[in-house]
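What follows is a single structure, written as structure tokens, with notes after it.
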Amino acid sequence: MLFRASAAAVAAEIVSGSLSFRLLEQFAYVHGHRPGASEERSWARSIPALAHALTEAGLGQVEVMLEYGLPLNSKRADAVLAGVHPTTGEPSYVVVELKQWSQADPEDGEPLLCRVDSYARPVLNPIEQVRGYCEYLVCFNGALDGHTDRIAGAAFLHNATEFGICGLYEVEQSAHGRLFSGERRGEFIDFLRSRLAPVSGADAADMLLAGKVRPSKQLISVAAQEVRDREQFVLLDEQRVAYELVLQAVRRAARSDHKEAVVVTGGPGTGKSVIALSLLGELYRRGVPALHATGSSAFTKTMRKVAGARKREVQGLFKYFNSFMTADKNALDVLICDEAHRMRETSANRYTSAAHRTGRAQVDELLDAARVPVFLLDEHQVVRPGEMGTVEEIRAAAAEKGLSCRIVPLESQFRCGGSDSYLTWVVRLLGLEPGGPVRWEPDGKVGLEVVDSPWELEEFLLARRADGYGARMAAGYCWPWTTKVRPGQALPTDVVIGDWARPWNVYGERAVAGAPPASLWATDPAGFEQVGCVYTAQGFEYDWSGVIMGPDMVWRKDRWVTDRTASKDPAFKRGTPDGEVDRLIRNTYKVLLTRGMVGTVVFSTDAETREKLRELAATVQGAGTADPNRPAGAVS
């Protein structure tokens with residue numbers, strides 16, 4: 001929140017000309033940089049429109065909170081009004097989204113989105129935008145838990161005529177989402193009077209600001225239905241052990257004000273994420289507040305899409321590791337940190353405000369956030385400099401806090417056809433475990449093929465798709481990546497190998513020319529047309545995995561040689577030590593080589609490396625073809 005005062009005081013600041021300066025000063029302090037010009041214009045033009053409406057409504061004592069930050073989220077509501085309901089006498093809040101738009105049209109066939117001349121891409125219909133803010137606050141602010149009627153939402157497009165925005169009304173309005181144009185300013189004033197009495201709103205504002213940040217009881221009920229009851233996971237052996245040990249820790253914490261950490265460690269396909277989702281659903285069924293967090297944008301967005309497909313509230317259960325920089329200590333009972341090998345040294349990045357640059361380690365923030373922090377990780381999937389998710393890092397951080405830390409290893413795995421032999425072959429191939437590469441001995445569970453060209457790799461995968469299997473192509477980060485594509489243009493074919501050229505997966509979160517956004521590359525059928533990288537493949541699996549090994553890792557005589565100059569990964573800075581780059585490149589190919597549920601087909605751009613791979617996989621001739629009787633996976 002950048003500024004809080006009564007409506008009358010806000011109006012006085014506007015008259016004196018000091019409000020914009022105070023907002024600018026506070027913004028720079030909180031965020032560490034100046035706001036954009038459009039934001040400054042909004043303060044100068046839209047806030048006065050709201051202040052004048054409140055004054056005319058006789059609501060000068062209502063408390064106004066400007067640029068109100070949503071909990072555990074970087075989003076900000078333009079204004080939250082706090083006061084007393086004129087009928088019930090209970091605390092009452094109105095979230096107001098202010099727009100300077102004079103005209104907006106619904107996106108063709110999708111009224112939840114709209115087109116505005118000043119934006120290059122569609123934006124959310126403001127009715128849905130403000131409704132989302134209200135519902136999010138109900139879910140995560142304890143002052144509103146069980147009191148959804150205390151909050152209302154309105155978008156006030158003070159420059160717009162009814163004719164200019166008539167199409168936006170295709171979206172259904174509700175108490176949490178209303179829309180008013182400048183022409184309907186009188187109705188907006190009546191709406192404010194219907195929600196707020198002409199008395200002081202200071203106590204109500206204090207109550208909202210003091211509300212404990214935690215999932216609400218309503219959300220607990222929804223999550224139990226959507227996460228647990230919707231998907232029935234079967235946990236086997238040590239998976240079930242890990243699951244029960246976490247629940248045991250939760251019971252101890254509840255009985256004796258106890259706190260402890262649990263680390264579940266296992267290779268790809270050992271069921272870490274299945275355990276995480278099973279725990280999340282079971283905890284919510286029992287009424288225990290919990291959140292799921294990862295450090296992966298693709299993984300988190302997919303979890304939101306899958307687990308929260310029917311209930312938007314459930315999507316709020318899935319957070320990022322850097323969401324807990326300012327969380328209260330032990331505000332949650334359980335925090336489930338999935339893909340914990342993606343933890344960073346700190347949560348701060350270039351967008352972090354100066355006030356939040358504390359220098360605290362991210363693992364400390366996660367340990368502090370809950371009575372039972374749970375970490376699920378695979379140490380061999382650390383692929384970027386600065387990723388700190390290892391058992392030893394977590395154990396040491398917990399010990400410094402005087403916490404016990406239970407380690408639960410997972411052995412059985414369900415990726416790569418459930419073949420432990422294949423996983424062993426991969427880690428020895430890449431030198432991640434001692435003993436050196438060995439010849440692949442087919443075990444009837446997983447297929448392995450080595451091919452001589454990218455054309456052959458693609459044709460092989462297309463044939464598997466024709467058999468009903470899902471497939472993806474992924475490569476080491478050895479080709480430049482065009483990150484900005486003009487609207488209407490096709491993805492550029494950045495991955496060029498001889499006369500074969502294909503695009504990388506989309507960079508960013510909007511579809512481009514039929515290609516899915518980055519977070520959906522591994523799960524959207526249209527992802528097959530692009531080459532994925534480790535960051536979009538990590539955490540996912542598909543039936544057949546096509547892996548292109550680039551010149552960053554080649555076989556020379558009797559050993560692997562990694563060449564950092566062949567990598568185009570911007571994560572590798574000049575100061576990243578050679579030894580760390582070597583480890584991360586090997587881990588990258590370990591991730592890519594273990595995505596396939598049914599089999600893997602490999603191509604190296606280097607002739608000597610291809611010869612070595614053919615030698616090691618020579619006994620697999622004919623064994624790599626998928627069994628046509630095996631059911632296909634969900635991804636195509």
Side-chain angles (χ1 to χ4, degrees), residues 268 294-302 339 341-342 344 378 380-387 426 430 454 457-458 461 470-485 491-497 500-512 515-524 526-542 544-554 562-573 576 580-596 600-605 635:
T294 79
S296 164
S297 174
F299 196 71
T300 295
K301 288 176 179 176
T302 298
E339 297 277 294
H341 43 265
R342 302 295 301 272
R344 310 290 294 175
D378 174 3
H380 283 159
Q381 289 199 50
V382 174
V383 296
R384 301 186 80 170
E387 290 181 344
V426 169
L430 299 173
L457 179 141
E458 187 174 27
L461 294 176
R472 290 293 182 276
M473 296 179 286
Y477 204 151
C478 298
W479 292 267
W481 195 329
T482 303
T483 58
K484 294 182 180 179
V485 181
L491 287 174
T493 51
D494 288 327
V495 183
V496 179
I497 304 170
W500 183 89
R502 296 294 181 269
W504 283 113
N505 61 253
V506 170
Y507 186 94
E509 291 310 312
R510 66 180 181 90
V512 176
S519 60
L520 301 181
W521 169 83
T523 54
D524 189 310
F528 180 79
E529 306 298 329
Q530 308 92 48
V531 178
C533 73
V534 67
Y535 304 125
T536 45
Q538 194 168 24
F540 299 97
E541 64 271 329
Y542 17 89
W544 276 93
S545 175
V547 179
I548 299 173
M549 298 184 69
D552 58 345
M553 186 170 177
V554 296
T562 54
D563 181 1
R564 66 182 298 157
T565 65
S567 175
K568 307 302 180 185
D569 192 337
F572 294 164
K573 306 299 183 184
T576 308
E580 184 177 0
V581 171
D582 176 85
R583 177 177 65 93
L584 297 176
I585 289 175
R586 291 171 190 258
N587 282 353
T588 292
Y589 285 114
K590 192 256 188 178
V591 170
L592 298 183
L593 287 166
T594 55
R595 299 303 93 190
T600 302
V601 54
V602 188
F603 165 74
S604 171
T605 58
V635 179

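Values reported hereafter were calculated over all heavy atoms of this structure, with side chains retained and with hydrogens, waters and symmetry mates removed. The chain is numbered in sequence order, starting from 1.
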Heavy-atom closest contact (Arg595 atom, Ser545 atom, distance): CB-OG, 4.0 Å
Kindly indicate whether the side chain of Met549, heavy atoms from C-beta on, has any atom under 4.5 Å from the side chain of Leu592. no
Check salt bridge (Lys or Arg N to Asp or Glu O under 4.0 Å) between Asp494 and all other residues, then give those that pass, not counting sequence neighbours. none
What's the spacing between Cys478 SG and Ile585 CD1 if we round to 0.5 Å? 7.5 Å
Partners of Thr536 by side chain to side chain donor-acceptor pair (under 3.5 Å), sequence neighbours excluded? Asn505
Separation of Ile548 CD1 from Leu457 CG (nearest 0.5 Å): 5.5 Å
Give the intermediate values and the outcome of side-chain contact (heavy atoms from CB on, under 4.5 Å) for residues Met553 and Leu430. CA-CA 10 Å; Met553 186 170 177; Leu430 299 173; 3.7 Å; yes
If you measure from CG on Asp378 to OG1 on Thr594, what distance do you get to the nearest 0.5 Å? 7.5 Å
Partners meeting salt bridge (Lys or Arg N to Asp or Glu O under 4.0 Å) with Arg564 (sequence neighbours left out): Asp578
Val506: which residues meet the side-chain contact (heavy atoms from CB on, under 4.5 Å) condition with it, sequence neighbours left out? Leu491, Val512, Ala515
Return the minimal non-hydrogen interatomic distance between Trp521 and Ala474, and the atom names on each side. CH2-CB, 4.4 Å
Please enumerate all residues that pass side chain to side chain donor-acceptor pair (under 3.5 Å) together with Thr294, with sequence neighbours excluded. Thr300
Per the salt bridge (charged side-chain N to carboxylate O under 4.0 Å, His left out) rule, what does the pair list look like for residues 500-509, sequence neighbours excluded? Lys301-Glu509, Glu458-Arg502
Identify the heavy atoms of Leu461 and Gly546 that sit nearest to each other, and give their distance. CD1-CA, 3.8 Å
With sequence neighbours excluded, tell me which residues meet salt bridge (Lys or Arg N to Asp or Glu O under 4.0 Å) with Arg583. none
Working for side-chain contact (heavy atoms from CB on, under 4.5 Å), residues Val602 and Leu593: CA-CA 8 Å; Val602 188; Leu593 287 166; 3.8 Å; yes
Please identify each residue that fulfils ring pair (Phe, Tyr, Trp, His ring centres under 6.0 Å) with Trp479, with sequence neighbours left out. none
Just so I know, are the side chains of Val495 and Trp500 near enough to count as touching, which here means a heavy-atom distance under 4.5 Å? yes
Sorted by chain and residue number, the ring pair (Phe, Tyr, Trp, His ring centres under 6.0 Å) partners of Tyr477 (sequence neighbours excluded) come out as Trp481, Trp504
Spacing of Tyr589 atom OH and Leu584 atom CG [to the nearest 0.5 Å]: 13.0 Å
Let me confirm one number: the CZ-OG1 distance from Arg472 to Thr523, rounded to the nearest 0.5 Å. 7.5 Å
Who are the side chain to side chain donor-acceptor pair (under 3.5 Å) partners of Thr562, not counting sequence neighbours? Asp582
Residues that Ala571 engages under side-chain contact (heavy atoms from CB on, under 4.5 Å), provided they are two or more places apart: Arg384, Pro385, Tyr535, Asp569
So, using side-chain contact (heavy atoms from CB on, under 4.5 Å) as the criterion, who are the partners of Pro516 when residues are at least two apart? Leu520, Asp524, Ala526, Gln530
